[in-house]
There are 4 protein chains.
Amino acid sequence: MSRSTQRPAPPRRQRTEDRRPQIADAALRILASKGAAHLTAAELGREVGIADSTIFRHYRDMDEVVLAGIDRVRALLDQTFPPPEDPPLARLRALFLGRLALMHEHPAVLRLASSDRLEQVAGPEGARRLRETILRSRRYIEACLREAQARGEIPAQLDATVLGWMVRGTLQVAVASTAGPRSSESRTPEAVWEVVEALLRGARHHVTAGESP
Amino acid sequence: MSRSTQRPAPPRRQRTEDRRPQIADAALRILASKGAAHLTAAELGREVGIADSTIFRHYRDMDEVVLAGIDRVRALLDQTFPPPEDPPLARLRALFLGRLALMHEHPAVLRLASSDRLEQVAGPEGARRLRETILRSRRYIEACLREAQARGEIPAQLDATVLGWMVRGTLQVAVASTAGPRSSESRTPEAVWEVVEALLRGARHHVTAGESP
Amino acid sequence: MSRSTQRPAPPRRQRTEDRRPQIADAALRILASKGAAHLTAAELGREVGIADSTIFRHYRDMDEVVLAGIDRVRALLDQTFPPPEDPPLARLRALFLGRLALMHEHPAVLRLASSDRLEQVAGPEGARRLRETILRSRRYIEACLREAQARGEIPAQLDATVLGWMVRGTLQVAVASTAGPRSSESRTPEAVWEVVEALLRGARHHVTAGESP
Amino acid sequence: MSRSTQRPAPPRRQRTEDRRPQIADAALRILASKGAAHLTAAELGREVGIADSTIFRHYRDMDEVVLAGIDRVRALLDQTFPPPEDPPLARLRALFLGRLALMHEHPAVLRLASSDRLEQVAGPEGARRLRETILRSRRYIEACLREAQARGEIPAQLDATVLGWMVRGTLQVAVASTAGPRSSESRTPEAVWEVVEALLRGARHHVTAGESP
DNA sequence: CATGAATGAGATTTCATTCAT
DNA sequence: TATGAATGAAATCTCATTCAT
């Protein structure tokens, strides 16, 4: 996925403000395509088109680089929170589809976000920030579910927390199953969501007689 | 989580047959508690209580150590496949609960099983084996779901593949949410499964006439 | 023979172009003075005056270092081939004296050139290159001998190949006998060659009168 | 050349007196076939058919093993000294042919004997002993040559020391050229010696007719 | 701002050697 | 006598990071 070599050499001598996002993005790209073990200063420099030592002009640490990458991911994730005026299941749908699209476009997000134990990749501070972001998503999703339960759109007797796990888990596996290079069983995001929503709404089936609509 | 230092120095000089599983288990322990980056020969030796160089008497490579760990995991996972004579949802339930318990007991299993990009940790051969194991689970779960659909126990019109994602995803998040040291929102495994089964069966709610209150 | 410790710390921070030959030469020096077993990165770094890890900035491998050393030797050896317009025995003499001088000055050359089993020192590629160089010398010497035989300057009935062995062997032992620190029996290069040439030309001796049998 | 695997497992539990030569010979075999770098305790044990640690029951050191090997070589070399009552050139011939045959049969001898700088292989003590052996050969050869000169069989005006170098050098190169697996240019030992002797005796060639001066 | 040289810490692995069995 | 387990020293090589230019 990384096209380090073809990338046209960017103009050298850029300002730190310009370099920092370049580096952070490159870090995410490497993380996504080759994994944490390959995220070295040398590889990063190659990806950006600068010397490895130059990285430390713009970031103090490799840790700081990863942190910056995480913050970019967080920004992306935060953009997918739908407007609060929509009804709960619509918001949930928008979030689900948005995240699916996002992770499809930025595989590194998946790599980071789906890992609940990323102290190793991100250092304690990065882990803290990611956990916070995940927590926000969790709360958001649960709030939507509870609101939908209150409105009687989904069964109230089901534990909203566990329903939240279901939504998040399905999202994770869907991304993983769709994203991989060898995935033979991809589904459109909408199709996935429809199943989730059907489950939530209580898919009646043994449909007895003609009372379906 | 690793208690290397407190562990009372185990009797030195053991047979390879005994050492090999000790080392493989220690590797899994480290993987679970500190992550792949800390799975070094030195750390491993410390965990087992032997010198790092001694590891290479019992395993040729670090790769071989990880491979052995993976095989232990695979064996554990394989044990959780329920007997085939049970009805499909009962088998699914047993698998779900079994895996939840297993991953609770062996957190490394989760770490390995949920990692979609484990080439780095496990090397190509290890990745292949793990993928194979995961594939087997996926197929098993989907087969149960399809059988249940055929029996009319769960809605036939829902895409069984996506239902499988849901089951697996919920399992993953459930483990992650329950396992963590700071998890405030734990549920009993049975409670989690009941929600999943209710969803699958199509929890009718608003349904039946005027019984809303 | 290595004076690593006395050497006044050379100016640090040199360009790769300058470091590479320094390192290659140091490798040859160590090879000559302490043997292949002592040609380690640490020793090499000490000899050059840099850290061992710095070597791998300038060469990818230890193998590459040895290869570079071999190429220096090959260049030196190639310089000793005399101009082709001279008569054969003059060319042979020039080659003989040139190589004697060369090996005297660069003992490592001897160590490499006389080693018939240098795969271990040089790796397969290095061995190949060295063999090629040795083969060139062998061919050159034999060609000179054959030409001298054709001119009637040395006995034609003697096997030129074996004569070549004689020339090369004498050269080897002469170097070894002369070079060592404790050699009590040194001869000037010219004196050695004169004996060789006398042998080749067929040193008549008891000459006086016709009393041969 | 090493047939470690096919060798029929020798009876275990032998006395040290029996084991020691087995080990020493195995060391020479490895030295000859794979080079000094492969002469490790593990390899040695495999060659002999015992555990590596068992070696140190019979020899204190690896150095001692090599030393023992050297002594075996010395014994072999010493056996090739011809009886002193023969005429000098006959003795030289016998020595030459004997050594050629010996080194052909025991390539390790060549490896050791032709290396004048073997401190690395043999340690200081081994080097001392080998040097001593070489020195004895050198003296023997020179003595033969001087005696032949005194008898008028070879030119007296030629430096006997250098003649000795010639004889030894030719022997070395002859062995190396003949022994190698890819040697295309082998000669019978006798043929080689005849050239050497012809050279020593002063091969008159342009002979034709009486134009001697 | 940019770089290449340099470095020390650490990782894997090999090996001679010791020791309990 | 024999062995397998254990070990520390050393070798190669990687990597984040510093510094002079």
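Both backbone and side-chain heavy atoms feed into the values below; hydrogens, waters and symmetry mates do not. Numbers restart at 1 for each chain; the letters A, B, ... are given by sequence-line order, proteins then strands.
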Rounded to whole Å, how long is the line connecting atom CD of A:Glu43 with atom C1' of F:dT14?
13 Å

Length of the line joining B:Lys34:NZ and E:dA11:P, which is rounded to integer Å:
12 Å

Close side-chain approach of C:Asp52 to C:Leu44, heavy-atom, < 4.5 Å
no

Taking the side chain as C-beta and beyond, is there a heavy-atom pair between B:Arg19 and B:Arg13 under 4.5 Å?
no

Round to a whole Å and report the spacing from CZ of C:Arg46 to P of E:dG8.
13 Å

Can you find a side chain N or O atom of B:His58 that sits less than 4.0 Å from OP1 or OP2 on F:dG4?
no

Of all heavy-atom pairs linking D:Pro21 and D:Tyr59, the shortest is N-OH, 4.2 Å

Rounded distance in Å - CG (A:Asp18) to P (E:dA2):
10 Å

In whole angstrom, what separates B:Ile23's CD1 from F:dA6's C1'?
11 Å

Just how far, in rounded Å, is P of E:dG8 from CD1 of C:Ile55?
13 Å

Do D:Gln22 and D:Gln14 have side chains that approach each other closer than 4.5 Å (heavy atoms only, starting at C-beta)?
yes

With nearest nucleotides of DNA chain E determined for A:Arg15 and C:Ile50 from heavy-atom distances, which residue corresponds to the more 5′ nucleotide?
A:Arg15

Quick one: what's the B/S/- string for nucleotides 15-21 of chain F, heavy-atom cutoff under 4.0 Å, read 5' to 3'?
SSBB-B-

Separation of E:dT14 P from D:Leu44 CG (nearest whole Å):
18 Å

Are B:His58 and B:Val65 close enough that some pair of their side-chain heavy atoms sits under 4.5 Å apart?
no

Across all chains, not counting sequence neighbours, the salt bridge (Lys or Arg N to Asp or Glu O under 4.0 Å) partners of B:Asp61 are none

Taking OP1 and OP2 of E:dA5, is either one under 4.0 Å from a side-chain nitrogen or oxygen of C:Thr16?
yes

So C:Arg129 and C:Glu125, side chain to side chain contact (heavy atoms under 4.5 Å, CB included) or not? Walk me through it.
CA-CA 6 Å; C:Arg129 291 195 198 168; C:Glu125 172 59 13; 2.8 Å; yes

What stems show up for DNA chain F when you take Watson-Crick pairs (N1-N3 plus N6-O4 or O6-N4) and G-U wobbles (N1-O2, O6-N3), both under 3.5 Å, and require three or more consecutive pairs?
E:2-21 with F:2-21

Can you find a pair of side-chain heavy atoms, one from D:His106 and one from D:Val73, that are under 4.5 Å apart?
no

With side chains defined as the heavy atoms from C-beta onward, is the minimum distance between D:Val48 and D:Asp25 less than 4.5 Å?
no

Closest to side chain of A:Arg19, choosing from F:dA2, F:dT7, E:dA2
E:dA2

